[in-house]
Amino acid sequence: MNILVVGVGYVGTTTALLLAELGWKVTGFDTDKSKVSALARGTLPFYEPGLDQLLHAQLQKGNIRFISDPLQAIQHSQVIFICVGTPSQDDGSADLQYIRNAVTMIGSHMQEYKLLVMKSTVPVGTQKLVTKWIAEAQKSLLPFDVVSNPEFLREGNAVYDAFHPDRIVIGTNSSAAAQQVRMLYRDIDSPYLVTTPATAELIKYAANAFLATKISYMNELARLCDQIHVSITDVAAGIGYDARIGKSFLQAGIGYGGSCFPKDVNSLLHIATHHGSNLGLLQQVVHVNETQHQYFLEQIKEHLGSIDKKVIAVLGLAFKPGTDDLREAKSLKLISQLLKEGALIRVHDPVARLPDSSRQADVQQVKSVKDAIAGADAVIICTEWPEYAAEAWQHFVQEMRHAAVFDGRNLLDGTQMRAWGYHYYGIGNG
Ligand code: UGA
């Protein structure tokens, strides 16, 4: 069976490679020609551990190809995965223009039955809209199905998550289409859940919003912990043993970022408002997240006093470890605030690069943690890269002008850091 994947960003590329590994002949298409030619050469246009090996292996086996002219591929593919972006608009709603362009192109070029599988995260009701857009674009009436099949993989863990999903959700009213999608994942051992398309669409938003809620709950509680001298890390361990709560996503820090949580929570809020519903709890989740890095900055200022002309080492740019993705990264928000207050910044990240928009005389990206720290007045940890925990912190204490560490991800052992002579602050572990 030939499969076309439209949109080869991080979800599309991972999906295409998973399907190729499962034995299908896959074509990846994108309007971004530089992305397509990089992938065709075996170069990933983004950082994702393990994905480049899969790419090389599948290119070599001839199971995958990448193109920027999709017309032939549409005609020769029985199944088409839609993996294009759905960025946020100013009002929080998801922008469906890339979805509409993709499905209109498919509708106008199809010459026989097609199964469309929607992986992009889309508002409830999009499957219906897509069905309408395809029908409108068709030159003659041809049968097709549109199935919602949301993606749950995490950046930095994409390969593992793709091969070991917690569940596969198939949103369709057609049992034949559900069977066909299930067959595509034939070798994946996972629970399968067949729902209506709207339910599948909501499951995706509800999952991300629930995880964001866990994080904001812990972040708000962390502020209380600072007041009453209780460790949020110990509280997280204590509640996490309860299987009903679970151990994951209880890590307090400077807030969630990335291309998914902020966008999807806002989109869900927009959907609710559109339907006359009020998701007050979720509004508070956003509020806590948007103020958490400010709260962190206040702790820094309380200790350092004025930030003007202070040398600050920022460790970690990426929105989380294991990726070079800077979308909605809290590091960038903190850096811009620190620069406004007159700080001189040295940044380090093992893979992410400072974007052009943040480059200026007062901020410099350095190659090693040691270079960032030497002579600094404070260190701020924005991303919990494991290599930062493995650094020789006992030796850095002498290298700093003022040995203060503000740990925005509670990565380091505060008791040990204090014993080595640092002023150490970890969120909710004050
Ligand atoms: C998230 C979901 O976890 C995936 O299931 C989903 O498929 C994906 O969005 C998506 O919709 O495409 P991702 O954005 O890659 O995945 O990253 P996460 O690991 O979920 O982390 C998101 C943010 O939450 C990061 O900034 C991270 O630092 C923060 N976080 C996470 C915390 O602050 N505390 C935690 O305990 C966990």
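In what follows, every heavy atom counts, from backbone to side chain, and hydrogens, waters and symmetry copies are set aside. Remember, it's 1-based here, ligands and their atoms both numbered in the order they're listed. Just so we're clear, the structure is a prediction, and the values are computed from it rather than from any experiment.
A salt bridge links Lys301 with Glu341: the closest approach of a Lys/Arg side-chain nitrogen to an acidic carboxylate oxygen falls below 4.0 angstrom.
Two residues are said to be in side-chain contact when any heavy atoms from C-beta on lie closer than 4.5 Å; Tyr256 and Val288 fail this criterion. Looking at Leu297 and Leu334, their side chains come closer than 4.5 Å, going by heavy atoms from C-beta outward.
The aromatic rings of Phe249 and Phe261 sit tilted relative to each other, their planes meeting at an angle between 30° and 60°.
The 4.0 Å heavy-atom shell around ligand 1 contains residues Glu151, Phe152, Leu153, Arg154, Glu155, Lys204, Asn208, Ile215, Phe249, Leu250, Gln251, Tyr256, Gly257, Cys260, Phe261, Asp264, Phe319, Lys320, Arg409, ordered by chain and number.
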List the steps, then state whether side chain to side chain contact (heavy atoms under 4.5 Å, CB included) holds for Arg223 with Gln292. CA-CA 9 Å; Arg223 301 186 197 183; Gln292 188 70 356; 2.9 Å; yes
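Not counting sequence neighbours, the partners of Lys132 by the salt bridge (charged side-chain N to carboxylate O under 4.0 Å, His left out) test are Glu136.
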